[in-house]
Amino acid sequence: MIGLLPGPARDHNLFYRLLQVAGRLWVRAARWLAPRVVLDRHLPLVAGLVLLFNWGGAAIAKVGTCLWIGAALCK
């Protein structure tokens with residue numbers, strides 16, 4: 001929603017700037033991970049997929065740990 005702010009107004013929004021800085025970090029990581037054939041304009045998508053896969057892996061690990069130690073201890 002913040003990205004929809006018109007013109008230069010979004011450049012002065014603190015939250016938008018923080019999201020840009022955090023996103024830029026992941027886009028740089030995506031450039032390092034992705035082969036050179038991946039276009040620069042597709043790097044935000046690659047970064048999003050990396051974050052999604054990391055989140056999914058963490059969720060699977062958490063469920064596996066809960067199943068291993070028992071659901072009662074996982075609360």
Side-chain angles (χ1 to χ4, degrees):
M1 292 301 284
I2 294 174
L4 297 176
L5 289 174
R10 69 176 153 208
D11 292 333
H12 300 294
N13 187 318
L14 178 64
F15 189 68
Y16 183 78
R17 302 273 295 167
L18 289 173
L19 287 176
Q20 275 187 325
V21 170
R24 192 176 314 129
L25 210 119
W26 285 102
V27 170
R28 285 185 187 162
R31 171 48 46 205
W32 184 74
L33 288 171
R36 292 289 165 202
V37 261
V38 176
L39 299 175
D40 285 341
R41 68 180 182 195
H42 295 138
L43 287 177
L45 176 63
V46 173
L49 289 173
V50 167
L51 287 172
L52 181 67
F53 288 140
N54 282 338
W55 178 79
I60 290 170
K62 181 179 177 182
V63 168
T65 302
C66 286
L67 291 174
W68 185 60
I69 66 172
L73 294 174
C74 209
K75 290 183 181 179

**Q** Check side-chain hydrogen bond (donor to acceptor under 3.5 Å, both in side chains) between Arg31 and all other residues, then give those that pass, not counting sequence neighbours.
**A** Asp40

**Q** Which hydrophobic side chains are connected to Trp68, either touching it within the sub-4.5 Å cutoff or through other members that do?
**A** Ile69, Leu73

**Q** At their closest point, which heavy atom of Ala47 faces which heavy atom of Ala30, and how far apart are they?
**A** N-CB, 3.8 Å

**Q** In the hydrophobic clustering (ILVMFWY, side-chain contacts below 4.5 Å, transitive), which residues join Val21, or is it alone?
**A** none

**Q** Could you grab the distance from atom CG of Leu52 to atom CG of Leu45, nearest 0.5 Å is fine?
**A** 10.5 Å

**Q** Could you note down all residue pairs passing disulfide bond (SG atoms under 2.5 Å apart) where residues 9-45 supplies at least one of them, sequence neighbours left out?
**A** none

**Q** Keeping to residues at least two apart or across chains, list the disulfide bond (SG atoms under 2.5 Å apart) pairs with something in residues 24-71.
**A** Cys66-Cys74

**Q** For Leu18, which fellow cluster members are found when Ile, Leu, Val, Met, Phe, Trp and Tyr are connected by side-chain heavy-atom distances below 4.5 angstrom, either directly or through intermediates?
**A** Leu14

**Q** Using residues 22-29 as the side-chain source, report each donor-acceptor pair under 3.5 Å to any protein atom, sequence neighbours left out, with the distance given to one decimal.
**A**
none

**Q** Linking directly or through intermediates, with side-chain heavy atoms under 4.5 Å: list the remaining ILVMFWY members grouped with Ile60, chain and number order.
**A** none

